[in-house]
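Chain letters run A, B, ... following the sequence lines, proteins first and then strands; every chain starts at 1.
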2 protein chains.
Amino acid sequence: MLNYSTSEENYIKAIFHLQHTDGTVTTNELAAELKTKPASITDMMKKLKTKKLVHYQAYHGFRLSPDGKKVALGIIRRHRLWEYFLAEKLKFSWEEVHAVAEDLEHVSSKKLIDKLDEFLGFPRFDPHGDPIPDMHGRIETSRQVCLQDLPLNKPAVVSHVSDQSNEMLELLGHKKIGIGTRLEVKRKFNFDNSLEIKIRQQSPINISEQLSKNIFAKYDE
Amino acid sequence: MLNYSTSEENYIKAIFHLQHTDGTVTTNELAAELKTKPASITDMMKKLKTKKLVHYQAYHGFRLSPDGKKVALGIIRRHRLWEYFLAEKLKFSWEEVHAVAEDLEHVSSKKLIDKLDEFLGFPRFDPHGDPIPDMHGRIETSRQVCLQDLPLNKPAVVSHVSDQSNEMLELLGHKKIGIGTRLEVKRKFNFDNSLEIKIRQQSPINISEQLSKNIFAKYDE
DNA sequence: AAATATTTTTAGACAAACCTAAAAAATATT
DNA sequence: AATATTTTTTAGGTTTGTCTAAAAATATTT
């Protein structure tokens, strides 16, 4: 696989992340994400187009090509493995790992990364709960976790409820929670393990430990 | 401490290494070392001079200022810690570590390096036997090792002989080895632990295990 | 010490990655 | 549908780090 500059890699990674929400990404969106000016985006998109990493038609946004996606997954693999290393081995705190991994991810020796992966015991999720692509670029699309295990502020979609009793469904109906509901856990109260959750376009609500243990969600990236 | 570009760092590091042999470094020397053209060296020296990292007078070579030396030791610390990590933890072979460390050394988070140092148990020498500067830039200037323990092809200076008998001195005289003799161990024969050593401007000679165990040398960088 | 050779610097050019300001295209509003 | 607004692109400029070719300084040779 070819080698790309740090700038190119940052653009590719940012497009990958924005694509998750949106199908196609716009110039202004990407400029905001990367804190550059729209003109710089246009320049880089022309370049990435000639390298066949993005599909791009002037004035009509862009998205990664299959090759571009492969490159993106490689970068994300490096980033998340380093995050895991920093948190697990060097005892960095959860919040500190991202910034350092931003630099380390651009060191592109494949052997380094595959050996690091092995050293770490082939971890499947980084410290934020995000899945780590394997050496072939395969990535766990999402996994179901109980609301109690969801990291704070991580967008997720309710995918399963284990108790289907009338009482449970009544409560879920009242709280306006169902399969497909998008939510984030905002706070966790250690006293009774109750959670404050935020459903899109609603004000935050509280749910008990008992309820939360019966609700499962997938990360929504 | 300020931050320097990858290019600046590579120039500073190269000057540091060339200074060891020579007091002051010349434009052509550095161009050869960095595989760039002399004109590029002049450009960069002007820049490093304004940043007070080198002493430089047009046409009269250059050397690192005290600040420049501090920066160099920081880079060398990062490089050697990563080499140690790659060899010790990721099981890279001796020869492979250098190239990968060339990239990793430019990730400049001080916290990362100090935590890596701690994780590795504060190693004092990298896999090539070179000393690792500590977090204050202090570096073991050299250490005495027995010829048997000298890495292959590592320039060293004879610093001590433990047996001072006439027989020993006779042999040393014959082999033209004395305190201050500069040599490199070129091969090691496992059969009898004899060594093939090369003294500057002479053809290689062989010395027995018994003799080698009584000769001590310091790395000559 | 003058002539020649080598080394180093200057002058000007180029690519990458960014910028500002103006022009063009697409979208929204009335 | 015409106009106004927003978005995107183009045109041209800047900085960093490189280059080539020519000029200047230093070193060597006779």
B:K37 atom NZ is separated from D:dC19 atom P, nearest whole Å, by 7 Å
Parallel under 30°, tilted from 30 to 60°, perpendicular over 60°: which one fits the rings of B:F85 and A:F119?
perpendicular
How close do B:W82 and B:E105 get, counting heavy atoms only, and between which atoms?
CD1-N, 4.0 Å
For A:K89, look at atom NZ and say whether over 12 heavy atoms of other residues, nucleotides or ligands are found less than 6.0 Å away.
yes
Would you mind classifying the nucleic acid contact of A:S7 as base, sugar-phosphate or nothing, using non-hydrogen atoms under 4.0 angstrom?
sugar-phosphate
What I want to find out is whether A:K186 reaches A:E184 closely enough, with some N-O distance under 4.0 Å, to be called a salt bridge.
yes
Given atom CE of A:M44 and atom C1' of D:dT8, what is their separation to the nearest angstrom?
17 Å
DNA chain C in dot-bracket form (Watson-Crick or G-U pairs under 3.5 Å, [ ] crossing, | inter-strand) is ||||||||||||||||||||||||||||||
May I ask you to verify if any side-chain N or O of B:T36 is less than 4.0 angstrom from the OP1 or OP2 atom of D:dT18?
no
Over all atoms of both residues, closest heavy-atom pair of B:L195 and B:S212:
CD1-CB, 3.8 Å
Using the rule given for side-chain hydrogen bond (donor to acceptor under 3.5 Å, both in side chains), can you reason through B:H106 versus B:N10, listing the C-alpha separation, both sets of side-chain angles and the distance that settles it, and then say yes or no?
CA-CA 9 Å; B:H106 300 295; B:N10 284 334; 3.1 Å; yes
State whether A:K115 and B:E96 are salt-bridged, where the test is any N-O pair (Lys NZ or Arg NE/NH1/NH2 against Asp/Glu carboxylate O) under 4.0 Å.
no
Excluding sequence neighbours, so at least two apart, what forms side-chain hydrogen bond (donor to acceptor under 3.5 Å, both in side chains) with B:T42?
none
Taking atom types as modelled and ignoring hydrogens, do the side chains of A:D126 and A:H79 form a donor-acceptor contact shorter than 3.5 angstrom?
no
Could you identify which residues of residues 8-16 of chain B place a heavy atom less than 4.0 Å from some atom of DNA chain D, listed by residue number, or say none?
B:Y11
Set of residues satisfying ring-ring contact (aromatic ring centres under 6.0 Å, His included) with respect to B:F92, sequence neighbours excluded:
none
Rounded to whole angstroms, how far apart are CG on B:N28 and P on D:dT26?
16 Å
Pull out every protein N or O sitting under 3.5 Å from an N or O of nucleotides 9-13 of chain D, one pair per line with the distance.
unit_1: D:dT9; atom_1: OP1; unit_2: A:Y56; atom_2: OH; d: 2.4
unit_1: D:dT9; atom_1: OP1; unit_2: A:Y59; atom_2: N; d: 2.9
unit_1: D:dT9; atom_1: OP2; unit_2: A:T27; atom_2: OG1; d: 3.0
unit_1: D:dT9; atom_1: OP2; unit_2: A:T42; atom_2: OG1; d: 2.7
unit_1: D:dT9; atom_1: O4'; unit_2: A:Y59; atom_2: OH; d: 3.4
unit_1: D:dT10; atom_1: OP2; unit_2: A:K46; atom_2: NZ; d: 2.8

Output all residues satisfying side-chain contact (heavy atoms from CB on, under 4.5 Å) with A:K218, sequence neighbours left out; order by chain, then residue number.
A:S142, A:Q144, A:S159
